[in-house]
Amino acid sequence: MHADPSLPLPSLRHFSIPERRAEVARLVGLSPAELEHALRSGGLDESTADAMIENALGTLALPFGVAPGVRVNGKDYLVPMAIEEPSVIAAASHAAKRARKAGGFVAEIDPSIVVAQIEVHDVADPKGALARIEAASAELLARANEAIANLVARGGGARRLSMRDLGGGMIVVHAHVDCLDAMGANLVNTVAESVGPRVAELAAGTLGLRILSNYCDERVARVRVRLPVEELASARVSGHDAARGIAQASAFAERDVYRAVTHNKGIMNGVDAVVLATGNDWRAVEAGAHAYAAREGSYRPLATWRLTDDERVLEGQLALPLALGIVGGALRAHPGARLALALLRVTSAAELAAVAAATGLATNLSALRALSTEGIQRGHMALHHRATGGLSEHRPRTTNGSGPCEPPGAGEAKLPR
């Protein structure tokens, strides 16, 4: 029987690595030896790396840690995160602790729809071509599903077609494929290539690209959290002042693209760390997230924060496309990725997306709270100094040239409380 990774948990940051591994293994029902074996050599041996990519020289490890007690839809998670930036896991953990006291994060996830694009050019009569393709929709969907029969047998498959005239004699047909618990790239590319020739024949044009789109705007994760303002208080800042600062920082991002980009980078700190740890395609997630941020014609923040209930509650909301998988891809080959899913104990790709999105909203909350109260450097640079062993080029230096000064709080890594 797996233990429940619920708070209160011991402060893992005060443990040694062996102690931390033992505690995490206990919480999820693994032996410490199993956990240690999966993480050896960065979770990936050289022979496996050589089979995964061309011209492999070895492996490049990243720190792999957990954010404990992230509550999403009433369930608590030990969230695996792989990232080199010192403060991100601390930020996620700290915000998750505050959110958990208020009931945690609430998530809603769209079906796992990914689009297969079939592009045809040199089309003399685009209007007629689209009409013929639409009339043949049933035939084309059947052809698509024959190519992914195993997915269809599990309840997924191509659901519908859509099509557009792009101008200049070019059209595009989309097959909307429910990929269930797979990220879906290989499945969707198979669909595109299986129906492409028939689409070009119907369009009386030249077959062009046949490939998935990483803009999964029908596979969106939506997360929200409501925090009583007193949960944001510290010894130096009242909860109300902290909440007002966070809401004001959100308003800044909504009005200024330069701030919106950095605001979203803070969200992706958390999201990408989970995506990378679980062996998913973080480049695809990044591309889709930023396209979604610009879907209304200008680049906007993916998460917003508002004071509600007569300024007694701070509410945050996040929405972004998340095409993640818990089967296939690197998961088959990468022991570290399989360990990450074992730690999470998710049962579907939708559940994984919910946790990743909640982690992104958590890192956003911590960043905005720090920025709008004490400044980002107080906690971040203390952790950065620890991580670099005192060799950071950003450390302040004395004016007499005698060497670097000790940054505030270097002896103990802390985020603002």
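Computed over heavy atoms, backbone and side chain alike; hydrogens, waters and symmetry mates excluded. Nothing here was measured: the structure is a model prediction, and the numbers come from that model.
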Check: How many angstroms lie between atom CG of Asp178 and atom CZ of Arg159, to the nearest 0.5 angstrom?
Finding: 4.5 Å
Next item on the list: Measure the shortest side-chain to side-chain distance between Val66 and Ile89 over non-hydrogen atoms and say whether it is less than 4.5 angstrom.
Entry: no
Check: Would you call Leu141 and Leu161 a side-chain contact if the rule is heavy atoms closer than 4.5 Å?
Finding: yes
Item checked: Exercise: do His94 and Arg98 side chains pair donor with acceptor under 3.5 Å -> yes
Next item on the list: Can you establish whether the number of heavy atoms outside Arg224 located under 6.0 Å from its atom CZ is more than 12?
Entry: no
Note to self: Assess the residue pair Arg160 and Glu218 against the criterion (salt bridge (charged side-chain N to carboxylate O under 4.0 Å, His left out)); give the C-alpha distance rounded to whole Å, side-chain angles, the decisive distance to 0.1 Å, and a yes or no.
What the structure shows: CA-CA 13 Å; Arg160 62 185 179 89; Glu218 296 180 79; 2.8 Å; yes
Notebook entry, point to check: If only atom types and distance count, is the side chain of His263 paired as donor or acceptor with the main-chain N or O of Ala303 below 3.5 Å?
Noted result: yes
Checklist line | Arg255 side chain vs Ala251 backbone, donor-acceptor pair below 3.5 Å | finding: yes
Item checked: Side-chain touch Arg222/Gln317, heavy atoms, less than 4.5 angstrom -> no
Item checked: Closest heavy-atom pair and its distance - Ile109, Ala221 -> CD1-CB, 3.5 Å
Check: So do the side chains of Leu339 and Leu30 get within less than 4.5 Å of each other, counting heavy atoms only?
Finding: yes
Next item on the list: Measure from the side-chain N and O atoms of Asn145 to the backbone N and O of Leu151, and report whether any donor-acceptor pair falls under 3.5 Å.
Entry: no
Margin query: When you measure from the side chain of Asn264 to the backbone of Leu302, do you find a donor-acceptor pair of N or O atoms at a distance under 3.5 Å?
Written below: yes
Check: Nearest 0.5 Å, what's the CG-OG distance between Leu202 and Ser137?
Finding: 9.5 Å
Note to self: Working note: Thr206 + Val120, criterion side-chain contact (heavy atoms from CB on, under 4.5 Å); need CA distance, chi angles, decisive distance, verdict.
What the structure shows: CA-CA 5 Å; Thr206 302; Val120 183; 5.5 Å; no
Notebook entry, point to check: Measuring from Thr359:OG1 to Met81:CE, what's the distance to the nearest 0.5 Å?
Noted result: 6.0 Å
Checklist line | Heavy-atom check, side chain of Leu44 versus side chain of Met52, under 4.5 Å | finding: yes
Next item on the list: Considering only NZ, NE, NH1 and NH2 on the basic side and carboxylate oxygens on the acidic side, decide whether Glu230 and Arg312 come within less than 4.0 Å.
Entry: no
Item checked: Side-chain donor-acceptor contact under 3.5 Å, His176 with Ser162 -> yes
Next item on the list: Answer yes or no: is there a donor N or O on one side and an acceptor on the other, between the side chain of Arg219 and the main chain of Leu324, under 3.5 Å?
Entry: yes
Next item on the list: Can you see which heavy atom on Ile171 is nearest to which on Asp165, and at what distance?
Entry: CG2-CA, 4.3 Å
Margin query: Do the side chains of Arg226 and Glu315 get close enough for a salt bridge, i.e. N-O under 4.0 angstrom?
Written below: yes
Item checked: Residue pairs, two or more places apart or on separate chains, that pass salt bridge (charged side-chain N to carboxylate O under 4.0 Å, His left out) and touch residues 49-65 -> none
Next item on the list: Indicate yes or no: does Arg20 engage Glu23 in a salt bridge with an N to O separation below 4.0 Å.
Entry: no
Next item on the list: Please lay out, stage by stage, how Tyr292 and Val220 fare under the test side-chain contact (heavy atoms from CB on, under 4.5 Å).
Entry: CA-CA 10 Å; Tyr292 193 76; Val220 174; 4.0 Å; yes
Item checked: Close side-chain approach of Val188 to Val115, heavy-atom, < 4.5 Å -> no
Notebook entry, point to check: For Arg283, does its backbone N or O pair with a side-chain atom of Asp281 as donor and acceptor, under 3.5 Å?
Noted result: yes
Notebook entry, point to check: Between CE of Met163 and CD of Gln117, what distance do you get to the nearest 0.5 Å?
Noted result: 13.0 Å
Checklist line | Smallest separation among heavy atoms of Leu207 and Ala200, with atom names | finding: CB-CB, 3.7 Å
Next item on the list: Please check if atom CD1 in Ile53 has more than 12 non-hydrogen atoms from other residues, nucleotides or ligands closer than 6.0 Å.
Entry: yes
Note to self: By the side chain to side chain donor-acceptor pair (under 3.5 Å) test, which pairs, at least two apart or in different chains, include something from residues 179-192?
What the structure shows: none
Item checked: Stepwise side-chain contact (heavy atoms from CB on, under 4.5 Å) check, Leu343 with Val79 -> CA-CA 7 Å; Leu343 296 178; Val79 180; over 6 Å; no
Notebook entry, point to check: Can you list the steps and then say if Leu307 with Val313 is a side-chain contact (heavy atoms from CB on, under 4.5 Å)?
Noted result: CA-CA 6 Å; Leu307 272 167; Val313 173; over 6 Å; no
Check: Can you tell if the side chain of Leu232 reaches within under 4.5 Å of the side chain of Leu227, non-hydrogen atoms only?
Finding: yes
Note to self: Closer than 4.0 angstrom, basic N to acidic O: yes or no for Glu286 and Lys265?
What the structure shows: no
Check: Can we say Asp76 and Arg71 salt-bridge, meaning some charged N sits less than 4.0 Å from an Asp/Glu carboxylate O?
Finding: yes
Next item on the list: Looking only at non-hydrogen atoms, find the nearest pair between Ala342 and Arg345 and report the distance.
Entry: O-CG, 3.2 Å
Notebook entry, point to check: Any idea which heavy atoms bring Leu318 and Gly360 closest together, and the distance?
Noted result: CD2-C, 4.5 Å
Checklist line | Rounded distance (nearest 0.5 Å) linking atom CG of Leu187 with atom CG of Leu212 | finding: 10.5 Å
Next item on the list: Run the salt-bridge test on Arg259 and Glu254 with the 4.0 Å N-O cut-off and return the result as yes or no.
Entry: no
Next item on the list: Side-chain contact test, heavy atoms from C-beta onward, threshold under 4.5 Å: evaluate it for Arg210 versus Glu119 and give yes or no.
Entry: no
Checklist line | Heavy-atom donor-acceptor pair, Thr363 side chain to Gly266 backbone, under 3.5 Å | finding: yes
Notebook entry, point to check: When you look at Glu19 and Ser16, which way does the side-chain hydrogen bond (donor to acceptor under 3.5 Å, both in side chains) test go after all the steps?
Noted result: CA-CA 5 Å; Glu19 291 170 335; Ser16 68; 3.3 Å; yes
Check: What distance do Asp217 atom CG and Arg295 atom CZ have between them, rounded to the nearest 0.5 Å?
Finding: 9.5 Å
Checklist line | Glu134 and Lys127 ion-paired at < 4.0 Å | finding: no
Next item on the list: Please report the closest heavy-atom contact between Val24 and Leu12, naming both atoms and the distance.
Entry: CG2-CD1, 4.4 Å
